[in-house]
Every structure is written in C-alpha cells, then in structure tokens.
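In what follows, a structure is listed as structure tokens, so that the remarks can point back to it.
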Amino acid sequence: MRTSAVSGIIFANSNDNLLKKLTAIRSMASVPFGSRYRLIDFSLSNLVNAGVYNVGIITKENYHSLMDHVGSGLFWDLDRKNGGLHLLPPYISSGLKRYSGTIDALYGAKDFIKRCKSDYIVLCAGDILANVDISDVIDCHIKKGADVTTVYHKGILPPNRDDAMIFDLEDDGRIASIKFNCDIGTEAYYGIGITVISRDLLSNLVYEAYHDDLPSFNRNVLAVKLKELKIYGYEHSEFVSLMNGTDTYYKANMALLNSEVRKQLFNKERPIYTKTRDDMPTRYGTKSSVSNSIIGSGCVIEGTVINSIIFRGVKVEKGAVIKDCILMQETCVGANSELSNVIADKNSIIGKNKSLSGTEQKQIFISKNQIV
Amino acid sequence: MKSKKCVAMLLAGGQGSRLGVLTSKIAKPAVPYGGKYRIIDFPLSNCTNSGIDTVGILTQYKPLELNDYIGSGKPWDLDRSNGGVHILPPYQGQEGGDWYKGTANAIYQNLEFIERYNPEYVLILSGDHIYKMDYSKMLNQHIEDNAACTIAVLEVSFEEATRFGIMNTTEDGTIYEFEEKPANPKSNLASMGIYIFNWDKLKKYLIDDEANPDSSNDFGKNIIPMMLNAGEKLKVYRFSDYWKDVGTVESLWDANLDLLNPKIDLNLSDKNWRIYSRNTAMPPQYISEKAKVENSLVTDGCEIYGNLDYSVLFENVTIEEGATVEYSLIMPGAVIKKGANVRYSIIAENAVIDEDAQIGGDPAVVGTEGWGITVVGANLTVGKKAKVSANKMIVKNVDEGEEI
C-alpha cells in the first residue's frame, strides 16, 4: 500500500469531562500515563506502527500541553514532508461555535480530509489505552469489503461511557446491532474508539449529518445506518482501558504492575513512542527500597517505593515512604514523608515529615504545581 | 557558506584496542557509558553547550554503529542548515586516497571541509573522554593570550604524569616543552587531547608536516613540537573539573561507577550543561517485589527481579529472580538469568548470562594479585553454572559448567 493510502484522525478532547481533575489544565489526549507517556502516545504510535504517517489531531480546548508534547511530531517520526502531523484546532469560519460533537469536529476537519487524498481514514478517540495492530484492522476492512470497521473488546464496559457502543455480532463479524448507554455490568462487545472508513464515505456521511444538525458520528450515523452500511467489528483481545474517571485512570496505571499487561501494551514489534527527555537514568540511593513499581527515567529514589507508578524526574528523599501512589513528572517528596493512595500531578512538592493517605476507593489528588 | 568563528574537528576513528572485545565491532566513541550515553555524547554535548555548531567527525575504524548513532545530529541540536555535524571518513580523490595515517593527517585530509567555513579557530577534540567542559571559555583565553595554539591540561599526580603527554610551562602558562610519557616528569600538567589552533597557523603546519615523509602525522608527536621549534606561542588552558580517559576496561568501569559516587560532581542532567544522547522508545523500568535495588543507575526498559548493588544498568536489561549483580556494568539488552552472580564485570550488549553462572571476582575475596574486571563480549552466552573468574576477557560463548 502506498504511504499516503491511509490517514489518521485523533480526537484530542474525547471525554475530557470524565477526568475533570486531570483535564482542568490539559486535554484528555495529553493526560500523563504510565511513568513516561501521555494518552495520545498510544493512538499516535498505533497509527505510525501501521504505516499511517499522515495524522490530524482535532483539538477543542486546553490544547497547550498537547502542542507542547507532540511538537513537530518528531518522536513519532511524524515530522514528514509528505503527510506528517496536523493540529486541527477549531476555526472561526466553522460557525463560531466550539465543537459540540464528533460530527462538528469532523466537519471542522473537512479540509484535512479533502486534502489528504487517502483511500481510508482511521478515526481514533484520544483516550484509548491499547496497543492495536491497525494495519491488520485495515487489511480486514479491505478483505471483507466493509464500509466501516470498528475495533471492539470483549469485557465489561466501564460505566458512564455514554459514547461507547455495545455490539451484537453476526458470525462473520458484521455488526447486527449497536446500543448505547447501557451500564450492563456484564461482559459485552464494546467499541474502543478506533474506526476505519473510506475517505469518500466519511466525507459524505459527515457532510450529510452536519447539515441535518446531528451531533454524534457513532450515535447518529453508524447506529442509524446499520442496515445500509456494511459495518464490521474487529476484535482486540489484549489489554484495553477507556478512561471514565479518576478511578479507572488510577486502575489503568496500576495495571502496568502486571507483567502480562506490560507485554501487551509494550509490544516489541509495535513500540509506543513518546517525547523523550535528556535525563540521566534513574539513580537509587544507599538506603532505597523499591518493590513492584514502574519508574521513569531521571528519578532520584532514596526512600521506599511500593506498588507505585513514578514518572520522570521524581525525587523521593531519604526515609520517605510511597505506597500505592501515582507521582507525575518532577514531583518531590521530602524526607520522612509518608504517602499512600495519592495521585500527585506534575511539579507538585510534598515537604518533609508530611503524611497523606487516601484510600483504594478515593485517592488524594494533588494538583499541578501544588505545594503541600 | 557563511563563515564560522570556530569549527570543531572530533577525532573518532580510533579503535580503542585496550578495550578489547568491547570495541571489536564498534569504534571507541560509540562505546556505551552511564546507562544511556555513548562516549561521543560528551564532546558533542560540550560543543553544542559551548555554542560551537559546526563539528566534523573523523571516522575510520568500524564506523557503522557510530554513523547510525550520530545520524543528522538532531539529539545534540547539531542538525543545522548552516554548519551542524558532518561525518568525514577517509576518501578517494583523483590521485587515489589513503587511510588516516595519524591525527594530524586526518585533519590534513579534510582541509577542504574546514576551508568551506573559513574559520578563525579550529578546536581539535577526541572521542575518548568523559568530562563536561565549556570550550568557549578556553577559546576566550586563547584569544586573550593571542596564542597560536592553546592546549587544555589537567593537573595530575607526578606518578600518573608518566602515563600522559606532559606540558612543561613557564609561570604564565606558556609551553616551552612537550614530553610524551616522561620517566621523570618536570611538570604535572597533562594534555587532555583538546587543542585550539588559529586556523591559518594550523593549516601551515599541517601542510609542512605532510611534506615530511618521516613524520608520523600526529598532533602530540609532530605538530606541537614543530610549532614549539618555530617559536610559536603555545599556552595551556587549565581545567580542574571531572575528566576521565576511558581507554581501558578498568577506567571505563571506574568512570561509570563514578556516577554513583556522591562525592564526584558529574551530574549529567544539570539543566545548565546537559549531556544529550539519542533516546530510544523503551517502556519505563519495572522493579519487582522480589528485587533489591541499591546504589545503582537503572535505565528505561529494564526489568529487575533480582538483587542489584553498585551497578549501572543500560537500557532493556533483565535481571531475573535470585540473580545478583554487584559493582558491574550491564550493557543494553543483556539478560542475567536466575541465580546467576555477576561481580566486578562488564557484560556487553545482548549477552546472556545463563542460570547459576558466576562471572568475575571480588578483589576482597580473590586477592588483588592479578585481579581485574571481567568482560563478556556482545551477543555471547555464558552457559548454566559456568564460572568465569576475575580479569577475564570473554570473546566466545562459554559452555554449560565450563570454568575459565
């Protein structure tokens, strides 16, 4: 397939409202994850690992940190002359309103879709945490002669995901029905937010829906046109997490402590790329004690760390004890402080001899730049 | 081409034969250091931090990995439209061509490259040392002194002086004599292999040196003595921070463990003088419940289930359960399997130390007589329960149960 045959579109602000604390200062796609990543790294890497080197990122608001992170696309090999990375912020002529749904967002990106000249477009939500073989999804899409192929996972859909589709499947993988809004609490086939569609069909569907004032591509287009269009499902059976609140965010991070999950997310054939930093490797001190933890680079660990996710450049001083915590970039924990079930956002400082403990159900959240 | 005030020429063609199996496939400047760096990151980062944006890199010995690593120079911010890094291998001209015969000849063969930038000064560097140095300070002194050449020197002990090129100077730092490895040193100012020349002078002496068939075309042996004889003004530039030649297995090991010594000032992520390197896409490191990690540097992609003390782990290293690694360097991709024991050793890239194997010896146990660091070469396997004693250089696979 020629390099320009497929383009990708990522919705950077998908479900921002579900992670309010973390998205107060950033878009969903730039929420930090797993010691060194931002959520968007997974979608960007999934795309480039499938040879998709023309990617548009639809942004709505709070996209400063996202722009800072993706830059020219260099770290994903997306600083290309042909294709590359395109940030698609809202623009005035699209009607003075910010995107209210996926149809608005895609309509706002119509020039990108028109100009990319690709045969296919891969739509990705900005909060997908999965390593998906998109090139296989595209192959299946072509082989089956599908109009639309969307990736699903068999499992229990987290609650509050109004946008997520739950499918019934026919034997050949064709989707027989699409339901929304069902917190069923039992195992189901649910869409994880990756959809392949031909460019022409996408343009037509979006144009039509926009003029009919319909908000959602999934709800108002795919679910409605289920009989007209051949919509197929593609199963991704490996680890998936969709964000639906601080609780799932916390659990998704902690899932990395499971070696099977790490193997599935950090597949050697399909690496996850991120913006790298010029830090030293992490230094462990004389009295350090670390157990069952994921640690980014550039940290200085002189205290105790247990069952935690430690991001790049974190400092844990002597005598400090960190348990069941997520400490984001550059967090400093002073000597003899004890933290358990804490999520500390970037650059927060916890002084000496402090004690903070949340619970497994409700973590204490320390916001960016906060000093405790 | 826009003129440059100063162009750096980095001599990176050396084999580094004293590093043995560590440089059997790669040039010395490409040897891994400090968990995520390569030796060449130091001169390149020093250049970019000193405001020198034009660097010619002279390669000759096993250049593939080094060339790959340098690429466009992007990691060091040296991918420039005007200037930047240039890899300069020996080449063929109309009248044939030649390998680089010596350090001076390597520069001579690239006169044309330097001429394109029409610089006032040329900085000569080597790719063998670990240090952070602001070359712009040295250049300023060179200009103030109105010297023809300035040589960076380090004060060493008089004992050590017998292993270095020594500068004998008058009180104001003017060099009157250069002695290579003197038996009875008159001074303890050792050359660091860093020179700044006025380009017009250097060019003249390079051409004269090339015309002499008996010359070994070397800066220390030929160019500097020739300039001294001609009465040129040569000055020393004193440097007193951390500097280490990593030309031997022991010194490479030492320089790595220096990063763990709180008394040694070698912070590589100092925001004012960062050492840059090419970063790869590795997941973060994982330290398991069973692991015990102290006094060590650990890099992205490592998975640690065993015990680690006083060691430097490079990218993507696995230490399995019950394995012990002490006072060692484990280079990228190496695997230390269950129950294996690695002490005072350097395990090169992608080597596998199989279950219950024992590598290296503790000088406190085996005695200092004949003791040394054990090195296991890249991509080799040391079989189960094999024993490799101290001071061994392993260049081929070691069988199960074998004792060396």
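A note on names: the letters A, B, ... follow the listed sequences, proteins ahead of strands, and every chain is numbered from 1.
Within residues 273-309 of chain A, the residues that have a heavy atom under 4.5 Å from a heavy atom of chain B are A/Tyr273, A/Thr276, A/Arg277, A/Asp278, A/Asp279, A/Met280, A/Pro281, A/Thr282, A/Arg283, A/Tyr284, A/Gly285, A/Thr286, A/Lys287, A/Ser288, A/Val290, A/Ser291, A/Asn292, A/Ser293, A/Ile294, A/Ile295, A/Gly296, A/Ser297, listed by number. At a heavy-atom separation below 4.5 angstrom, chain A is approached by B/Ser269, B/Arg274, B/Ile275, B/Tyr276, B/Ser277 within residues 269-278 of chain B.
The OH atom of B/Tyr286 sits 12.0 Å away from atom OG of A/Ser35, with the distance rounded to the nearest 0.5 Å. Atoms CD1 and CD1, from A/Ile310 and B/Ile287 in turn, are 11.0 Å apart once rounded to the nearest 0.5 Å.
For B/Thr299, the parts sitting under 4.5 Å from any heavy atom of chain A are the backbone and the side chain alike. Only the side chain of A/Tyr37 has a heavy atom closer than 4.5 Å to any heavy atom of chain B. For B/Lys292, no part sits under 4.5 Å from any heavy atom of chain A, backbone or side chain. Proximity to chain A (any heavy atom under 4.5 Å) is shown, for B/Leu308, by neither the backbone nor the side chain. For B/Tyr37, the part lying under 4.5 angstrom from a heavy atom of chain A is the side chain only. When heavy atoms are compared at a cutoff of 4.5 Å, B/Glu303 approaches chain A solely by way of its side chain, counted from C-beta outward. Of the two parts of B/Tyr310, neither the backbone nor the side chain holds a non-hydrogen atom closer than 4.5 Å to a non-hydrogen atom of chain A.
Checking side-chain atoms of A/Arg262 against main-chain N and O of B/Pro283 turns up no donor-acceptor pair under 3.5 Å.
Top candidate by heavy-atom pairs under 4.5 Å with chain A, chosen from B/Val293, B/Val298, B/Leu260, B/Thr280, is B/Val298. Of the listed residues (B/Lys36, B/Glu289, B/Gln285), the greatest number of heavy-atom pairs within a distance under 4.5 Å of chain A belongs to B/Gln285.
In this structure, A/Leu74 and B/Lys74 approach most closely via the heavy-atom pair CD2-CE, 3.4 Å.
The shortest side-chain heavy-atom distance between A/Phe75 and B/Asn279 does not fall under the 4.5 Å cut-off.
Heavy-atom neighbours of B/Asp68 CG from other residues, nucleotides or ligands within 6.0 Å: above the threshold of 12. Environment of CD in B/Glu250: crowded, with over 12 heavy atoms of neighbouring residues, nucleotides or ligands closer than 6.0 Å.
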